[in-house]
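Each ligand, and each atom within it, is numbered from 1 in the order the structure gives. Quick note: residue numbers are just sequence positions, from 1.
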Amino acid sequence: MVTTLPSIAIIGAGAMGGAILSGLVKPGVEVSGGITVTNRTTGKADAIRLDGVTSLALERDPDANRVAAAAAKVVLVGVKPAMVPDTLAGIADALQPDAVVVSLAAGVTTATMEAILANPVLRSMPNTPAVVGRAVTGLAAGSRSTPDDLALGRAVFETVGTVIEVPESQIDALSTISGSGPAWVYFFIEQLTRTAEGLGFSADQARLMVQETWLGSLEYLAASGRPPHELRREVTSPKGTTERAIAVLDDADLHALFTRAAEASLARARELAAGA
Ligand SMILES: NC(=O)c1ccc[n+]([C@@H]2O[C@H](COP(=O)([O-])OP(=O)(O)OC[C@H]3O[C@@H](n4cnc5c(N)ncnc54)[C@H](OP(=O)(O)O)[C@@H]3O)[C@@H](O)[C@H]2O)c1
């Protein structure tokens, strides 16, 4: 199946903007009208050499963001959150009137964007597995965006994974789970690897044992279509060794711990929104 998208600009094609770019240039995606991306430094811009992609640097062309914005029906904004208002102000009068502006930035509200732009806006929260086409992206409408604008945003992010549409009031909560989620997962993997090393395995063996167990378990979960508690029971024989380990984990009340961690994350999102 071929996904056809209208012209796209990525203002700030760094880690996250670049990950989305990798989805837009893969086979099966046609961006009619082309893709223009911008970065601040020439080195970063020149490192992006892809067919159908014009890569501009502000260092070389101070008008690069305006040139990119003027050429696109969808404008993704991938600069750091603190830079979003100034960046939007810089492109506001260069945008095509019907272009949809989609922010990738954490903590920048659609109200902030709409106060600067006359265009429809969307707010997104992708995560880093976008690099391998397995992102989870939360997508929220702005007050002026139409269902067609939202569908267009969905089509863009589906090139790098799965999209979950939520009201903007839930974007921070979604970010706590799927936006930060990769860091949680890597942290668990780090801890389990340390435990394996403590049991006498070499760093290499421990890495392999833990990483492959996570990957294999998740692939099995996805392929089986069965709920995780069922697959867990399959490994947990009554009076067996796994049962003892799970009992210890259960005693630690991981659910309460995870809830506290998520609440801490949400509290920080509120602080950031208040400018702290
Ligand atoms: N990383 C994540 O897990 C993640 C997840 C969800 C959302 N996000 C959001 O994605 C955004 C970018 O984060 P990131 O991790 O991708 O940061 P990043 O790698 O630093 O990317 C930002 C890019 O913006 C470029 N840039 C700086 N000033 C610019 C300007 N005035 N005009 C155009 N481009 C400019 C930078 O170019 P130079 O390097 O040349 O200065 C850089 O390539 C943030 O708003 C963040 O909240 C990130």
- Task: Give yes or no for whether the N/O distance cutoff of 3.5 Å, strictly under, is met between Asn65 and ligand 1.
- Result: yes
- If we only count N/O pairs under 3.5 Å, is Thr41 in contact with ligand 1? yes
- Item | 4.0 Å heavy-atom contact, Gly78 with ligand 1 | yes
- What one should report as the nearest heavy-atom pair of Val37 and Ala13 is CB-CB, 3.9 Å
- Message: One residue to check: Leu58. Relative to ligand 1, which of side chain, backbone, both or neither has a non-hydrogen atom less than 4.0 Å away?
- Response: side chain
- Nearest-neighbour protein heavy atom for atom 17 (O) of ligand 1, which is reported as residue plus atom name and distance: Lys80 NZ, 3.2 Å
- Short side-chain to backbone donor-acceptor contact, Thr176 and Asp172, under 3.5 Å: yes
- Item | Any donor-acceptor pair under 3.5 Å from Ser32 side chain to Leu5 backbone | yes
- Message: Using modelled atom types and a 3.5 Å cut-off, is there a donor and acceptor pairing between side-chain atoms of Thr112 and backbone atoms of Val108?
- Response: no
- Query: Does the side chain to side chain contact (heavy atoms under 4.5 Å, CB included) test come out yes or no for Ile171 and Arg123, once each step is laid out?
  - Reply: CA-CA 8 Å; Ile171 274 275; Arg123 180 171 164 192; 3.5 Å; yes
- Message: What I want to check is whether the side chains of Thr3 and Glu158 have a donor and an acceptor closer together than 3.5 Å.
- Response: no
- Task: If you have a sec, work out which protein heavy atom is nearest atom 21 (O) of ligand 1 and how many Å separate them, to one decimal?
- Result: Gly14 CA, 3.3 Å
- for atom 24 (O) of ligand 1, nearest protein heavy atom and its distance come out as Gly12 CA, 3.4 Å
- For atom 43 (O) of ligand 1, what is the nearest protein heavy atom, given as residue, atom name and distance? Asn39 OD1, 2.6 Å
- Does Ala106 reach ligand 1 with a nitrogen or oxygen that is under 3.5 Å from one of the ligand's nitrogen or oxygen atoms? yes
- Does Arg144 reach the main-chain N or O of Glu114 with its side chain, forming a donor-acceptor pair under 3.5 Å? yes
- Tell me, which protein residue and heavy-atom name are nearest atom 39 (O) of ligand 1, and how many Å apart are they? Lys44 NZ, 2.8 Å
- Message: I'd like to know if the side chain of Asp253 and the backbone of Ala256 have a donor-acceptor N/O pair within less than 3.5 Å.
- Response: yes
- With heavy atoms of Thr38 as the reference, note each atom of ligand 1 found under 4.0 Å away. 33 (C), 34 (N)
- Query: Any N/O of Ala15 closer than 3.5 Å to an N/O of ligand 1?
  - Reply: yes
- For ligand 1, which atoms, with element, lie under 4.0 Å from some heavy atom of Pro81? 44 (C), 45 (O), 47 (O)
- Task: Record the part of Val84 in heavy-atom contact with ligand 1 below 4.0 Å; permitted values are side chain, backbone, both and neither.
- Result: neither
- Any side-chain heavy atom of Phe201 within less than 4.5 Å of one from Leu208? no
- Message: Using side-chain heavy atoms (C-beta onward) and a distance below 4.5 Å, is Ile91 in contact with Val75?
- Response: yes
- Of all the non-hydrogen atoms in the protein, which one sits nearest to atom 7 (C) of ligand 1, and at what distance? Leu104 O, 3.1 Å
- The protein heavy atom nearest to atom 6 (C) of ligand 1 is Pro126 O, 3.2 Å
- Message: Just to confirm my output: which protein heavy-atom neighbour is closest to atom 3 (O) of ligand 1, and how far is it?
- Response: Thr128 CG2, 3.3 Å
- Message: I need the atoms of ligand 1 closer than 4.0 Å to a non-hydrogen atom of Met83, numbered in the order shown.
- Response: 27 (C), 28 (N), 29 (C), 31 (N)
- Task: Indicate whether any N or O donor in one side chain lies under 3.5 Å from an N or O acceptor in the other, for Glu243 and Thr236.
- Result: no
- Should Ile11 and Leu122 be counted in the same cluster of Ile, Leu, Val, Met, Phe, Trp and Tyr side chains packed under 4.5 Å apart? no
- ligand 1-proximal atoms of Arg40, by part, heavy-atom distance under 4.0 Å: both
- Before signing off on this row, confirm whether Val79 and ligand 1 have an N or O atom pair separated by under 3.5 Å. yes
- Message: Met16 versus ligand 1: do any nitrogen or oxygen atoms come within less than 3.5 Å of each other?
- Response: yes
- Query: Between Phe187 and Phe258, is the gap from one ring center to the other below 6.0 Å?
  - Reply: no
